[in-house]
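Comments concern the structure below.
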Amino acid sequence: MLRTEGPEAPAMSATAPGPRILVTGASGYIGSRLIPGLLEKGAVVRALGRDGDRLRARPWGDRVEIAEADLSDRIAVRRALAQVDVVVFLVHSMAGGTGYQEREARMARIMAEEAARSEVGRIVYLSGLHPRGAELSEHMASRERVAKILREGEVPTLVLEAATVIGAGSASFEIIRHLAERLPVMPAPRWVGNRIEPVAIADVLHHLASACLAEEPVHGTYSLGSGETDLRFRDLLTIYAEEASLTRRRVLALPLPAPLLSGLWIGLITPIPLSITVPLAQSMQHEAIGHDSRIEDVLAPPTGGPTRYRQAVRAALAAQRSGDLESRWDDDAALTAHPAASLPQDPDWAGHTVYTDERERVQEGVDPQTVWRVIEGIGGEAGWYSTPLLWSLRGAADRLVGGPGLRRGRRHAHHLREGDAVDWWRVERIEPGHRLTLRAEMRMTGRAWLQLGVEETEGGTRYRQRAVYFPDGLWGRLYWWGIYPFHALVFPAMARNIMAESASRGDNDL
């Protein structure tokens, strides 16, 4: 591991099968997804960030050199660049408050000068796509200023310009997701009529990796995109709604020209911070479509060519539609997902909206296997260890709208296997003695799971219970809050009664 804060020169890997690539912004959306691909292609990756522990916690943390550095610290940057062949510059200070333009310019100058001093072979910079000759927003002007500083340095520099990056977790895509899912009819700023060329996250990563690993440096400024130059921002919203199986969305462009008002409007409707929505809204005042210079002119395109917007949305939605709770909620599985999917380390506002109800109880003197037998016997004649009247009413309501209700019961009174029906649930996964995951098959505007787990503690047992709901659109959100009082009564009672039943059985076994 490399730590740049020490007084000595950084220790290097003993062997270098490929180029040594310094990835700045390694904990960010692009950087964290780029690093695994570079490692797979045989590169030696040095991940740079201000928090080394955060980088080590990543799934690739033990396969990279770690550089702790602030890019405004020239000495730290110099140490981080030792024996580096390629720099990927992914850092910006958009959410850093006032004065971020000067901070970005200073970091770019330090990087350009120190990269030349360290004889770095090339710099690859990801910037924003913008019109030529127009008066740019502060955010986009700062990006262009950084590009200019890097291009004018001594190190060959490739600038890639991208507009809306389509992948779960990217700020632009999450704005699209949250607006489309929350508003069947969307009053929107007038810039929703501007043309915008999106680009899939998979294509961005492909071109970044190709630029890093090309035999000879590629320099200049090139556009990234889907090849669709006739899309408007409102089309991105309506197409997303179609792919997410939402009802038709209507977008009404209103005379709201002020960038600040636009950013405040997005911040009000979505959970994305104002520090991000305001500068992004400023950038959306201009059309963003590819120029004549495309990266395919100098680097091989992705297999099959640029990803179309609709395909990119499908990839971003694929993980949440897999029907497998574990693939989204277990870190090990989620971290191996497609780069278009959301990852556990993404911001809280990234990914599909999720509602949860979690309960935990610890009880001494109760054997975990006794609790597991209660869990595995749940449903059917045994019931749900909750409020029988409310549970019965919910089952009756489900049957009235064509759902299974409580009539299916269960195959065996004491044992379950994957695929078994348990009233209105289906066993999605069972880990004997440890965890049971049930997927709801009742009629609702969304998807739901119930997960019951048990583990041994010192002298007793910990019981964990989690209800998870993925709402579909506005009606799904209204459904969750409409039945919230039901959950407030049912789920605490279930956790309490399961442990009480377990304790009772344990006493009877004595």
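Residues Ser226 and Arg308 share a closest heavy-atom pair of O-NH1, 3.7 Å. When all heavy atoms of Asp51 and Asp53 are compared, the closest pair comes out as OD1-N, 3.1 Å. Here the closest heavy-atom approach between residue Val165 and residue Ala162 is recorded as CG2-CB, 4.4 Å. The two residues Ala26 and Ala47 have their closest heavy-atom pair at CB-CB, 3.6 Å. Between Ile430 and Glu418, the closest heavy-atom pair is N-OE2, 3.5 Å. Minimum interatomic distance between Tyr469 and Ala448 (heavy atoms only, all atoms of both residues): CD1-CB, 4.0 Å.
A donor-acceptor contact shorter than 3.5 Å is absent between the side chain of Thr437 and the backbone of Glu428. At least one donor-acceptor pair under 3.5 Å links the side chain of Arg426 to the backbone N or O of Gly419. Proximity of a side-chain donor or acceptor of Tyr309 to a complementary backbone N or O of Leu236 within less than 3.5 Å is detected. Under the 3.5 Å distance criterion, the side-chain polar atoms of Asp203 are matched with a main-chain donor or acceptor of Thr307. Using modelled atom types, one side-chain atom of Arg56 and one backbone atom of Gly52 make a donor-acceptor pair closer than 3.5 Å. With hydrogens and angles ignored, the 3.5 Å screen pairs no side-chain donor or acceptor of Gln465 with any backbone N or O of Leu452. Side-chain atoms of Ser502 come within 3.5 Å of backbone atoms of Ile498 as a donor-acceptor pair (strictly under, hydrogens ignored). Under a 3.5 Å cut-off, the side chain of Ser386 and the backbone N or O of Val490 do form a donor-acceptor pair. Side-chain atoms of Arg249 come within 3.5 Å of backbone N or O of Thr247 as a donor-acceptor pair. With Glu456 contributing its side chain and Pro368 its backbone, the two residues share no donor-acceptor pair below 3.5 Å.
Relative ring orientation between Phe470 and Trp449 is described as perpendicular, the plane-to-plane angle rising above 60° on a 0-90° scale split at 30° and 60°.
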How far apart are the C-alpha atoms of Asp235 and Arg232, what are their side-chain angles, what is the distance that settles it, and do they pass the salt bridge (Lys or Arg N to Asp or Glu O under 4.0 Å) test?
CA-CA 5 Å; Asp235 298 324; Arg232 313 280 173 170; 5.4 Å; no
I'd like to know whether Arg410 forms a side chain to side chain contact (heavy atoms under 4.5 Å, CB included) with Asp420, so could you lay out the CA-CA distance, the side-chain angles of the two residues, the decisive distance to 0.1 Å, and finally the verdict.
CA-CA 7 Å; Arg410 47 180 293 155; Asp420 278 358; over 6 Å; no
Could you walk me through whether Val427 and Leu436 satisfy the side chain to side chain contact (heavy atoms under 4.5 Å, CB included) test, starting with their C-alpha distance in whole Å, then the side-chain angles of each, then the deciding distance to 0.1 Å, before giving a yes or no?
CA-CA 7 Å; Val427 178; Leu436 171 66; 3.9 Å; yes
Verify side chain to side chain contact (heavy atoms under 4.5 Å, CB included) between Tyr240 and Leu179, making sure each step is shown before the conclusion.
CA-CA 10 Å; Tyr240 174 91; Leu179 289 177; over 6 Å; no
Trace of the side chain to side chain contact (heavy atoms under 4.5 Å, CB included) decision for Ile176 with Val313
CA-CA 10 Å; Ile176 294 169; Val313 172; over 6 Å; no
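By the 4.5 Å heavy-atom criterion applied to side chains, Arg417 and Arg411 are counted as neighbours. Using a 4.5 Å heavy-atom threshold, the side chains of Val44 and Glu65 count as touching. Between Asp423 and Trp384, some side-chain heavy-atom pair lies under the 4.5 Å cut-off. Between Val374 and Tyr385 there is a side-chain heavy-atom pair separated by less than 4.5 Å. Looking only at side-chain heavy atoms (C-beta outward), Ile30 and Val88 stay at 4.5 Å or farther from each other. A heavy-atom distance below 4.5 Å is not found between the side chains of His414 and Glu376.
Looking at Ser127 and Glu161, their side chains never bring a donor and an acceptor atom within 3.5 Å of each other. A side-chain donor from one of Arg373 and Thr370 sits under 3.5 Å from a side-chain acceptor of the other.
Rounded to the nearest 0.5 Å, atoms NZ (Lys41) and SG (Cys212) are 11.0 Å apart. The OG1 atom of Thr24 sits 5.0 Å away from atom CG of Leu90, with the distance rounded to the nearest 0.5 Å. Rounded to the nearest 0.5 Å, atoms OG1 (Thr164) and CZ (Phe173) are 11.0 Å apart. Within the model, atoms CG of Leu34 and CD1 of Ile21 stand 7.5 Å from one another, a figure rounded to the nearest 0.5 Å. The structure places CZ of Arg439 at 13.0 Å from CG of Leu450, a figure rounded to the nearest 0.5 Å. In this structure, CD1 on Ile166 lies 10.5 Å from CZ on Arg177, to the nearest 0.5 angstrom.
By the neighbour-count criterion of 12 heavy atoms within 6.0 Å, atom CZ of Arg310 is densely surrounded, having more than that number from other residues, nucleotides or ligands. Residue Arg462 qualifies as enclosed at atom CZ: its count of foreign heavy atoms under 6.0 Å is above 12. Crowding of Tyr484 atom OH: a count of heavy atoms from other residues, nucleotides or ligands under 6.0 Å not exceeding 12.
Contacts of His487 classified as ring-ring contact (aromatic ring centres under 6.0 Å, His included), with partners at least two apart in sequence or in another chain: Trp480, Phe491.
Taking a cutoff of 4.0 Å between a charged side-chain nitrogen and a carboxylate oxygen, Glu455 and Arg464 qualify as a salt bridge.
None of Val45, Leu38, Leu55 except one satisfies the side-chain contact (heavy atoms from CB on, under 4.5 Å) rule with Trp60; the exception is Leu55.
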